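Below is one structure, written out as structure tokens; comments come after it.
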There are 4 protein chains.
Amino acid sequence: MTVKSLKEARRDQILKSAEKVFSDKGFLNSTISDVAKETGVSDTTIYEYFSSKEELLFSIPREGIELSKQMLDSHLNYISGTTNKLRGMIYHLCKFYQDNPYFASISLMTLKTNKKFMETDTYKDLKEYYKTMTDVIKEGIQSGELKSDTDPYFVRSVIIGSVEFIVIRWLMYGCPEDKTQPILSVDPLFKLIMHGTKKDKRMKNFNFKIKIEPEDEDGEEA
Amino acid sequence: MTVKSLKEARRDQILKSAEKVFSDKGFLNSTISDVAKETGVSDTTIYEYFSSKEELLFSIPREGIELSKQMLDSHLNYISGTTNKLRGMIYHLCKFYQDNPYFASISLMTLKTNKKFMETDTYKDLKEYYKTMTDVIKEGIQSGELKSDTDPYFVRSVIIGSVEFIVIRWLMYGCPEDKTQPILSVDPLFKLIMHGTKKDKRMKNFNFKIKIEPEDEDGEEA
Amino acid sequence: MTVKSLKEARRDQILKSAEKVFSDKGFLNSTISDVAKETGVSDTTIYEYFSSKEELLFSIPREGIELSKQMLDSHLNYISGTTNKLRGMIYHLCKFYQDNPYFASISLMTLKTNKKFMETDTYKDLKEYYKTMTDVIKEGIQSGELKSDTDPYFVRSVIIGSVEFIVIRWLMYGCPEDKTQPILSVDPLFKLIMHGTKKDKRMKNFNFKIKIEPEDEDGEEA
Amino acid sequence: MTVKSLKEARRDQILKSAEKVFSDKGFLNSTISDVAKETGVSDTTIYEYFSSKEELLFSIPREGIELSKQMLDSHLNYISGTTNKLRGMIYHLCKFYQDNPYFASISLMTLKTNKKFMETDTYKDLKEYYKTMTDVIKEGIQSGELKSDTDPYFVRSVIIGSVEFIVIRWLMYGCPEDKTQPILSVDPLFKLIMHGTKKDKRMKNFNFKIKIEPEDEDGEEA
DNA sequence: GATGAATGAGACTTCATTCAT
DNA sequence: TATGAATGAAGTCTCATTCAT
């Protein structure tokens, strides 16, 4: 439990307001005045806490990114096996965006294409976050769960790209009120990543009686 | 062959300039004056051809989308089999963005998150484009090349999302000069979409002698 | 005779207004809006002609300095002898400030203590102007009209410093309406510069008739 | 010796800080916050001691002016003869500015052209100071050391104007570190004020034999 | 058809100053 | 006494857009 000073509390208040305002109207269509009104303070007060509109923008996602990373790390500890972890990661990615649509909006629709943001410390945090994902994939390759010719960076890009694409559409069409319904059911993406979409002709065989005479012990799924 | 009137030529000139300027500086950081200078006309002339800065922006991608769609359609005619067509689609998507980085920049970094753009006719063209991709996937399902439980919209999203994610990073980090080198080698994405990343343990079985006694023809995976 | 374009005319109009406004309220207490109102245009128009308030300020004295220098050069051509020229210079200095009190105000009360102004081209013009004065003094030394141990830069400083001091007081106490009355009668300054203020005790001797029989031409004071 | 209360000490501290800050950045470019930081107190504290930024500014030179006047008075007591006193005055003027460059800067570059300052008590002190100088000159006229047609106010103006002009240039070009070297050697100014710069042709006569036959009593220079 | 000239609206930002503690 | 917090008022400057030529 942290006890926040008044100053910190006010700062957080401004950040929350800015997050909402920038989400709703877009960063460049929003004014400091909008944020001030939303917060219930004067324009000037905003500048007491943030030196510029841009600094305010860049300050918004920090907490979200940290929180998301902590949650992910925490959950991953409960999961064993790369396959399961990958599924957990995808689930977390979707859920976090869905639970934090303002954060999602600012991250995906404003900051993602902002070059200056790439020079901030917060962006470094984001890269750390990405690293967690890549590490899981790398582990899977080493443990033999994933194909040995897998490019972990590439798989990560596909996962993030897919989720972001879907979240952006969700945001663009207006996030539905019913938040119990997931944006994207995790399993389709998970299955695609795992097994691909091509029908495996050999599967037909399973309808037949076969006699298999194993020579070693390591068979998997039935 | 179309013979363009002077008016049309001038219009295209302005569009090309705007594409470049908006790409380089971002839409909101660019001024009509920048575009006018790049075109070599006066600010006012821009307004002779486009009623507002936004209309100018929205007019930029039309030709690109049409061209890309035509090219895709044309190429698909040469390819038979969903699997091959999917690969062709992915290849075309990557190549077109890479060959038209200004178009890519504006499409992916400005328009993709612009709600008003979604109400334009050009956006309808884009949806047509997407439909072409979905149709290929649907065909693949019907023909039995792709798994029957595949959600074609979802697979399309994964493909587009992945490609866009990678193209955006390419744009953000500064498109390298050497354009002969592809942004993303098509096959990794294609293979992932087709076969997934999970190692198929049954493959090991191929090392063993097996006896197969077929009974009927239409088995599906459970 | 020069025919000024509309653009030049408008520019001059703004300069004149700015000169007046900055004089009356001081540069830093004046707003662009004040200048715009005085000119009868919108604020924005000011920025069409000058890129910033400071550039506007620095642009004001150029014409004045050039004009004053031309007038001085012109007058000096009519005068022979350093002594007479010095008197002409002092007269011109006083008269120009008196005839152009706005110019005087901005030059002496705003620009004189502005370090950035010292980096402008206009300041170079001013140094040229100063040079004209120093040259006259140097000539006087060479011709033998002025004492040979005179430091021309120093004499020039005394002349300018004295005149400026008096003009500043005139400005500060509010330039009297009656402009026919000179700020400073030239001759007191001229006489002081020439002969000093100390009573020459030897002068008493001149109460006598004397016969002088020169022997050579190049005597110097002991 | 005065024993200063804490309050007075703090006030002096603020004045010293303000003197430095206003000197370095200029009055209008300085903020109360700058002064507060330099002093090591909060902005609000400044207002405990001075009712406004302007009052703070106007309060700065009082002590300096009083001190300079006391020093001048004190020194003049040691000197007899107007000529010598004038030289002493010029020397003191230069030395005091040089020893107190912050004071010089604020006096000459900010207050000198501030009309409101002319309504303060401190400005009255300054006029007293000026009067001391005028009085010395008047005495010189009465005692016959100075020409009888000398305008004492005018001579004073020339002295102050010359010194100020030179000090301002010294300040503008950045006061050199070596403070042992005087800004302006006193004697050139003193000599100029005393004897002028014109070569006295009659001096030549002293090299010759002359015959003098007095006739009447009232001759002056021609 | 093209444009030079002008502008209204509004954005960001600064800072002297006050108030409550 | 000292100050942390807050703000009202104002200023510079930008830019999409229009109008008259």
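Small disclaimer: the values here were computed from a predicted structure and weren't measured. The basis for the numbers below is simple: all heavy atoms, side chains too, and nothing from hydrogens, waters or symmetry mates. So that the names make sense, note that chain A is the first sequence line, chain B the second, and so on, each numbered from 1.
Atom CD1 of Ile14(D) and atom P of dA2(F) are 8 Å apart (whole Å). Tyr47(B) has its OH atom 18 Å from the P atom of dA6(E), to the nearest Å. Atom-to-atom, CD of Glu8(B) to P of dG1(E) comes out at 14 Å; the value is rounded to the nearest Å. Rounded to a whole Å, the CG atom of Leu28(C) is 14 Å from the C1' atom of dA10(F). Atom CD1 of Ile46(D) is separated from atom C1' of dT1(F) by 14 Å (rounded to the nearest Å). In this entry the distance linking CG of Asn29(A) with C1' of dC12(E) reads 15 Å, nearest Å. Residue Asp34(B) contributes atom CG, which lies 8 Å from atom P of dC15(F) at whole-angstrom precision. With rounding to whole Å, Tyr49(B) atom OH is found 18 Å from dT17(F) atom C1'.
Residue Arg10(D) has no polar side-chain atom (N or O) positioned under 4.0 Å from OP1 or OP2 of dT1(F).
Nucleotide dT21(E) is matched to dA2(F) when pairs are restricted to Watson-Crick or G-U wobble geometry with both distances under 3.5 angstrom. dC12(E) is paired with dG11(F) under the criterion used here, namely a Watson-Crick or G-U wobble arrangement in which both key atom distances are under 3.5 Å.
Counting heavy atoms from C-beta on, the side chains of Phe50(C) and Arg11(C) come closer than 4.5 Å.
Across all strands, Ser52(A) comes closer than 4.0 Å only to sugar-phosphate atoms, never to a base (heavy-atom distances). Note on Phe50(C): nothing from the nucleic acid sits closer than 4.0 angstrom, heavy atoms only. Residue Ser30(A) is in sugar-phosphate contact alone, with no base atom involved, counting any heavy-atom pair closer than 4.0 Å across all strands shown. Here Thr44(B) lies in heavy-atom contact (under 4.0 Å) with a base. Thr45(C) comes within contact range of at least one nucleobase, with a heavy-atom separation under 4.0 Å.
Mapping Asp43(D) and Ile32(A) onto DNA chain E via the closest heavy atom, the residue that lands nearer the 5' end is Ile32(A). Positionally, the nearest nucleotide of DNA chain E for Gly40(B) lies more toward the 5' end than for the other of Gly40(B) and Glu48(A).
Scanning all heavy atoms of the two residues, the minimum distance from Asp125(B) to Glu66(B) falls at OD2-OE2, 3.6 Å.
A salt bridge links Glu54(A) and Lys116(A); the closest N-O separation between the charged side-chain nitrogens and carboxylate oxygens is under 4.0 Å.
From Ile32(A), atom CD1 reaches atom OG of Ser42(A) across 11.0 Å, with rounding to the nearest 0.5 Å.
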### Query
Can you check side chain to side chain contact (heavy atoms under 4.5 Å, CB included) on Thr110(C) and Phe22(C), steps first, answer last?
CA-CA 9 Å; Thr110(C) 299; Phe22(C) 292 167; 6.0 Å; no
